[in-house]
Amino acid sequence: MKKSVIIGLLLTLCSCQSQDKKKSVLTSKTFKTEAIKPTDLIKEEQAMKFEITKSSEEWKKQLSAEEYEVLREKGTERPYTGIYDKHFEKGYYVCAACENPLFTSDTKFDSHCGWPSFDAAIKGAVIYEKDNSYGMQRIEVMCAKCGGHLGHVFDDGPTETTGMRYCTNSISIKFIPQK
């Protein structure tokens with residue numbers, strides 16, 4: 001109980017930061033990122049509709065068992081086991097389920113948490129939902145095109161641009177190198 005109260009207070013304090021953040025244009029394609037507070041984008045009690053919808057059986061045919069567990073069942077890979085944790089090549093990252101561009105390498109940083117971390121998503125690429133599972137209060141990040149679970153976003157990022165840390169499962173994304 002105390003832990004939930006402390007986490008709630010920390011999130012409240014952190015959410016009081018200024019909303020006047022910079023926007024940046026990135027060069028790996030023509031992707032734009034936008035410094036936002038995901039809490040401002042959470043849709044309360046709305047059914048989400050996605051451009052790509054498939055049955056569980058269709059997703060199971062397309063994805064590996066591990067990809068299905070994370071992307072469709074909201075699982076989490078073990079820390080320090082994903083291929084993109086220490087990956088810093090130039091390019092961008094797409095959803096492993098539908099190839100929707102999500103993050104650019106310009107926004108990636110080493111957070112030492114065991115998962116790939118980004119300080120911003122490509123504008124319009126992700127959606128957010130409250131996640132109160134396991135007695136925690138978090139913000140889930142999902143692909144805006146197919147609804148695939150990517151990870152969570154926290155407001156403890158070290159960059160001055162956004163202050164955000166998108167903690168992402170490697171298995172939920174694929175890397176496209178810059179040409």
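All values below come from the heavy atoms of this structure, side chains included, with hydrogens, waters and symmetry mates left out.
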Trainee: Taking all atoms of both residues into account, what is the closest heavy-atom pair of Ala125 and Pro101, and its distance?
Mentor: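 Closest heavy-atom pair between Ala125 and Pro101: CB-O, 3.1 Å.
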Trainee: Do you know which of Thr168, Val141, Ile122, Ile173 makes side chain to side chain contact (heavy atoms under 4.5 Å, CB included) with Leu102?
Mentor: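 That would be Ile173; it is the only one of Thr168, Val141, Ile122, Ile173 passing the side chain to side chain contact (heavy atoms under 4.5 Å, CB included) with Leu102.
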Trainee: Could you list the residues that satisfy side chain to side chain contact (heavy atoms under 4.5 Å, CB included) with Ile176, not counting sequence neighbours?
Mentor: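 Scan of Ile176 (side chain to side chain contact (heavy atoms under 4.5 Å, CB included), adjacent residues dropped) gives Tyr92, Val94.
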Trainee: What verdict does the side chain to side chain contact (heavy atoms under 4.5 Å, CB included) test give for Met164 and Phe154, after you've listed the backbone C-alpha separation in whole Å, the side-chain angles of each residue and the deciding distance to 0.1 Å?
Mentor: CA-CA 6 Å; Met164 304 308 290; Phe154 305 95; over 6 Å; no
Trainee: Between Thr53 (side chain) and Phe50 (backbone), is there a donor-acceptor pair under 3.5 Å?
Mentor: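 Judged by distance alone, no pair lies under 3.5 Å.
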Trainee: Indicate the atoms forming the closest heavy-atom contact of Cys143 with Asn100, along with that distance.
Mentor: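 The pair with the smallest heavy-atom distance is SG-ND2, 3.5 Å.
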Trainee: For the ring pair Tyr166 and Phe118, is the centre-to-centre distance below 6.0 Å?
Mentor: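 No; Phe118 has its ring centre 6.0 Å or more from that of Tyr166.
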Trainee: For Ile171 and Glu66, work out which heavy atoms get closest and say how close.
Mentor: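 Looking at all heavy atoms of both residues, the shortest contact is CD1-CB, 3.2 Å.
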Trainee: Can you name the residues that form a salt bridge (Lys or Arg N to Asp or Glu O under 4.0 Å) with Lys74, not counting sequence neighbours?
Mentor: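 By the salt bridge (Lys or Arg N to Asp or Glu O under 4.0 Å) rule, Lys74 matches Glu140.
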Trainee: Quick test of your reading of the model: are Asp106 and Lys90 salt-bridged, counting only N-O distances below 4.0 Å?
Mentor: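 Here Asp106 pairs with Lys90 in a salt bridge, since their nearest N and O are under 4.0 Å apart.
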Trainee: For Glu51, which residues count as a side chain to side chain contact (heavy atoms under 4.5 Å, CB included) partner, sequence neighbours excluded?
Mentor: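 If we apply the side chain to side chain contact (heavy atoms under 4.5 Å, CB included) test to Glu51, skipping adjacent residues, the hits are Lys145.
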Trainee: With sequence neighbours excluded, what pairs up with Gln62 under the side-chain hydrogen bond (donor to acceptor under 3.5 Å, both in side chains) test?
Mentor: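 Here the qualifying residues are Lys54.
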Trainee: Please report the closest heavy-atom contact between Gly75 and Asn169, naming both atoms and the distance.
Mentor: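 Looking at all heavy atoms of both residues, the closest pair is O-ND2, 3.8 Å.
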Trainee: When clusters are formed by joining ILVMFWY residues with side-chain heavy atoms under 4.5 Å apart, either directly or through shared neighbours, do Ile83 and Leu150 land in the same one?
Mentor: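 In one cluster: yes.
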Trainee: Tell me, please, which residues at least two apart from Ser170 pass side-chain hydrogen bond (donor to acceptor under 3.5 Å, both in side chains).
Mentor: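 For Ser170 there are no side-chain hydrogen bond (donor to acceptor under 3.5 Å, both in side chains) partners, ignoring immediate neighbours.
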Trainee: Quick one: does Val126's side chain get under 4.5 Å of Met142's, heavy atoms only?
Mentor: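 The answer is no, as the side chains (C-beta and beyond) never meet within the 4.5 Å cut-off.
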Trainee: Sequence neighbours left out, what passes ring-ring contact (aromatic ring centres under 6.0 Å, His included) with Tyr84? Give chain and number order.
Mentor: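 For Tyr84 the ring-ring contact (aromatic ring centres under 6.0 Å, His included) partners, ignoring immediate neighbours, are His87, Tyr93.
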Trainee: If you measure only the distance, is there a donor-acceptor pair under 3.5 Å linking the side chains of Ser133 and Asp131?
Mentor: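 Yes, side-chain donor-acceptor contact under 3.5 Å.
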Trainee: Can Arg165 and Asp119 be said to form a salt bridge (charged side-chain N to carboxylate O under 4.0 Å, His left out), step by step?
Mentor: CA-CA 5 Å; Arg165 175 175 56 99; Asp119 73 353; over 6 Å; no
Trainee: Under 4.5 Å between side-chain heavy atoms, counting indirect links through other Ile/Leu/Val/Met/Phe/Trp/Tyr residues: same cluster for Trp115 and Val153 or not?
Mentor: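 Cluster IDs for Trp115 and Val153 differ.
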Trainee: Please round to the nearest 0.5 Å and tell me the distance separating atom CD1 of Ile139 and atom CD of Glu129.
Mentor: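 It comes to 11.0 Å.
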Trainee: Does Lys61, at its NZ atom, have more than 12 non-hydrogen atoms belonging to other residues, nucleotides or ligands within less than 6.0 Å?
Mentor: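 No, because the 6.0 Å sphere around NZ of Lys61 holds 12 heavy atoms or fewer from other groups.
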Trainee: Rounded at 0.5 Å granularity, tell me how far SG in Cys167 sits from CZ in Arg138.
Mentor: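 If I round to the nearest 0.5 Å, the distance is 9.5 Å.
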Trainee: Ignoring hydrogens and geometry, is there a side-chain-to-backbone donor-acceptor pair from Glu73 to Val70 under 3.5 Å?
Mentor: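 No; zero donor-acceptor contacts below 3.5 Å.
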Trainee: Nearest heavy-atom pair of Phe109 and Gly157: which atoms, and what distance?
Mentor: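 Looking at all heavy atoms of both residues, the shortest contact is CZ-CA, 4.5 Å.
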Trainee: If every non-hydrogen atom of Ala120 is compared with every non-hydrogen atom of Phe103, which pair is closest and at what distance?
Mentor: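 Between these two residues, the closest heavy atoms are O-CD2, 3.3 Å.
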Trainee: Starting at CD1 of Ile52, measure out to SG of Cys98 and round the result to the nearest 0.5 Å.
Mentor: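 Result: 4.5 Å between the selected atoms.
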Trainee: With rounding to the nearest 0.5 angstrom, report the CH2 to OG distance, Trp59 to Ser55.
Mentor: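 So the CH2 of Trp59 and the OG of Ser55 are separated by 10.0 Å.
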Trainee: With rounding to the nearest 0.5 Å, note down the distance linking CD in Glu77 to CD in Glu67.
Mentor: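 Those atoms lie 10.5 Å apart.
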Trainee: Output the distance between atom CG (Leu71) and atom SG (Cys146), rounded to the nearest 0.5 Å.
Mentor: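 SG of Cys146 is found 6.5 Å from CG of Leu71.
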